[in-house]
There are 2 protein chains.
Amino acid sequence: MAPPTAQPEKRPQSRQAARAQTESAILTAAQTVFAEAGFGGATMQMIADLAGLPKANLHYYYATKEDLYRHVVQDIFEIWLDAAASFDHAPDPATGIGGYIDAKMEISRRHPNGSKVWASEVMHGAPVIQDYLESTLRDWTDGRIAVIQKWIDAGQMAPISPRHLLYMLWATTQHYADFGHQVQTLNGGKPLSKAEWQTAKDTVKQIILRGIRAA
Amino acid sequence: MAPPTAQPEKRPQSRQAARAQTESAILTAAQTVFAEAGFGGATMQMIADLAGLPKANLHYYYATKEDLYRHVVQDIFEIWLDAAASFDHAPDPATGIGGYIDAKMEISRRHPNGSKVWASEVMHGAPVIQDYLESTLRDWTDGRIAVIQKWIDAGQMAPISPRHLLYMLWATTQHYADFGHQVQTLNGGKPLSKAEWQTAKDTVKQIILRGIRAA
DNA sequence: GTCTATATTTCGATAGAC
DNA sequence: GTCTATCGAAATATAGAC
């Protein structure tokens, strides 16, 4: 799987800090293992080994495997929503959508495992976070659709379906995380360099921004 | 999971036909179960129940769970490659890439489970089909990149990175299969209607074809 | 709070009658 | 080729000493 990592430093500290540190180590290890093996393929033993803890300690902090998984998925969802900031208060589509692409591509680069856990959860019918899809995500989506529609009505961009544009933004940016292994294999087996990431970002932005600009 | 389905009809027929029918029923059930539960989450019992067969019969046709899974993934890969036909011998980018988008969107609509199994396999590091990525897929990709580059050199489209354009095509079209559950939830819980599928197709084609056309 | 040892369940795979 | 019954391995979860 991967070598043990993220051992919490053993400095004298408050119990609260120790607890927070252990929880964080467990969550980080869990995110990696769930991303690499899926929920069904992941075992508590793998997560414990990666976190450098006995298996029983995981059950002390999180009652069940599903409980731990739920926390991992929720953490990821927070990160998704934060990228929305780029969208709001933007004066025009190029700024708003271009900034959103930048933010989402950066998340794919820095949190590929989180993206994979989310993708896996949704692909399997969202058994754990269905309520989030129906409440928070739906509200967020409706809000962004309204923003895009206003741009269209103002003649600032072409009259395309805002909803499907959003899906395109999610798909293209998350592809570099979810299918990162395939991208790397087709890149000669080497991870994308800084320049190659920039090319990816520029290509996505150029095609989409040119694709939606007013005729 | 899902109600049993795809019982082979019990007509008098040759042994070969009976075998082919049973194998097909197993593969269809396996594709559904692997898509819904992932490799680790799937059990031979689930697949057997869905196929309407005793669990032992699965091991008669496929020695191990991994052997069965391998066949499912290979079947999907064939379908991907067939969509390449739209690409070749096209006189211009709009025809070639537009046709490819149509073909891939149609695959997402008709074979969402296959797409999910492929996505899951790649997300987990392609443990089973890594050799396909490094041989067949790499060759296919290099060939398509050459075609696109020729269009660019001929001034028929904008000078964007052909490789990342391909990734965009894969991402946007497969999103409607892999994230179909999310798309359906954001569609009010109802599957996309025929008209909504057409809107999705048109939006993807319009944005990408406008995004790459020569300036 | 942490750890070792173990109970309990579940799953992949097989044996063997038909 | 098909099925019932079962083995053996592996995983989740817990008990209980420290």
Side-chain angles (χ1 to χ4, degrees), chain A residues 1 4 6-27 29-30 32-34 36-72 124 127-128, chain B residues 1 4 6-27 29-34 36-73 124 127-128:
Chain A
M1 176 71 58
Q7 253 88 358
E9 302 206 359
K10 290 295 169 58
R11 298 230 195 86
Q13 55 189 344
S14 74
R15 274 188 201 81
Q16 282 180 19
R19 169 178 273 272
Q21 209 168 47
T22 302
E23 282 180 350
S24 171
I26 293 173
L27 285 172
T32 301
V33 172
F34 283 134
E36 291 182 2
F39 177 80
T43 73
M44 296 296 268
Q45 189 65 61
M46 292 181 198
I47 298 171
D49 290 348
L50 187 60
L53 292 169
K55 191 178 53 166
N57 290 30
L58 270 58
H59 283 101
Y60 175 76
Y61 284 96
Y62 300 94
T64 66
K65 181 184 174 183
E66 187 176 325
D67 183 35
L68 172 55
Y69 174 76
R70 186 187 308 271
H71 277 84
V72 170
H124 299 152
V128 170
Chain B
M1 176 70 59
Q7 255 87 0
E9 302 208 358
K10 288 296 169 56
R11 298 231 195 87
Q13 54 190 343
S14 73
R15 274 189 202 79
Q16 282 180 19
R19 170 177 273 273
Q21 209 168 47
T22 303
E23 281 180 350
S24 171
I26 293 173
L27 285 172
Q31 187 188 64
T32 300
V33 173
F34 283 134
E36 291 182 2
F39 177 80
T43 73
M44 296 297 269
Q45 189 66 60
M46 291 180 199
I47 298 171
D49 289 348
L50 187 61
L53 292 169
K55 190 177 56 166
N57 290 30
L58 270 59
H59 284 101
Y60 175 77
Y61 285 95
Y62 301 94
T64 67
K65 181 183 176 184
E66 188 176 324
D67 183 36
L68 172 55
Y69 175 76
R70 186 187 308 271
H71 277 83
V72 171
V73 176
H124 298 152
V128 169

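Model, not experiment: these values are computed from the prediction. Residue numbers start from 1 in every chain, and the chains themselves are labelled A, B, ... in the order their sequence lines are given, proteins ahead of strands.
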Please test A:Ile47 against A:Thr32 for side chain to side chain contact (heavy atoms under 4.5 Å, CB included), starting from the C-alpha separation and ending with a verdict. CA-CA 8 Å; A:Ile47 298 171; A:Thr32 301; over 6 Å; no
Give every donor-acceptor pair under 3.5 Å between a side-chain atom in residues 51-63 of chain B and any protein atom, sequence neighbours left out.
none

Measure CG/B:Leu68 against C1'/C:dC11 and give the value in whole Å, please. 15 Å
What does nucleotides 12-18 of chain D look like as a protein-contact string, B for base, S for sugar-phosphate only, - for none, at under 4.0 angstrom between heavy atoms? BBB----
Rounded to whole Å, CG of A:Leu58 lies from P of C:dG1 at a distance of 15 Å
Can you give me the closest heavy-atom contact between A:Val72 and A:Ala30, atom names plus distance? CG2-CB, 3.8 Å
Starting at CZ of A:Arg19 and ending at P of C:dT2, how long is that distance when rounded to a whole Å? 8 Å
Please identify each residue that fulfils ring pair (Phe, Tyr, Trp, His ring centres under 6.0 Å) with A:Tyr69, with sequence neighbours left out. A:Phe34, A:Phe39
Quick one: bend of the helix from C:dG1-D:dC18 to C:dC18-D:dG1 from 5 pairs per end, to 10°? 10°
Between atom CD1 in B:Ile47 and atom P in C:dA13, what is the gap in whole Å? 11 Å
Can you list everything that forms a side-chain contact (heavy atoms from CB on, under 4.5 Å) with B:Ser24? Sequence neighbours excluded, please. B:Thr28
For A:Tyr61, answer base if it contacts any base atom (sugar-phosphate contacts may also be present), sugar-phosphate if it contacts only those atoms, and nothing otherwise; contact means non-hydrogen atoms under 4.0 Å. sugar-phosphate
Flag if over 12 foreign heavy atoms under 6.0 Å of CD, B:Glu23: yes
Return the value, rounded to whole Å, for the distance between atom CG of B:Asn57 and atom P of C:dA13. 15 Å
From OH of A:Tyr60 over to C1' of C:dT4, roughly how many Å is that when rounded to an integer? 18 Å
B:Asp49 has an atom CG; how far is it from atom C1' of C:dG12, in whole Å? 15 Å
Hey, could you give me the CG/CD1 distance between B:Leu50 and B:Ile26, rounded to the nearest 0.5 Å? 11.5 Å
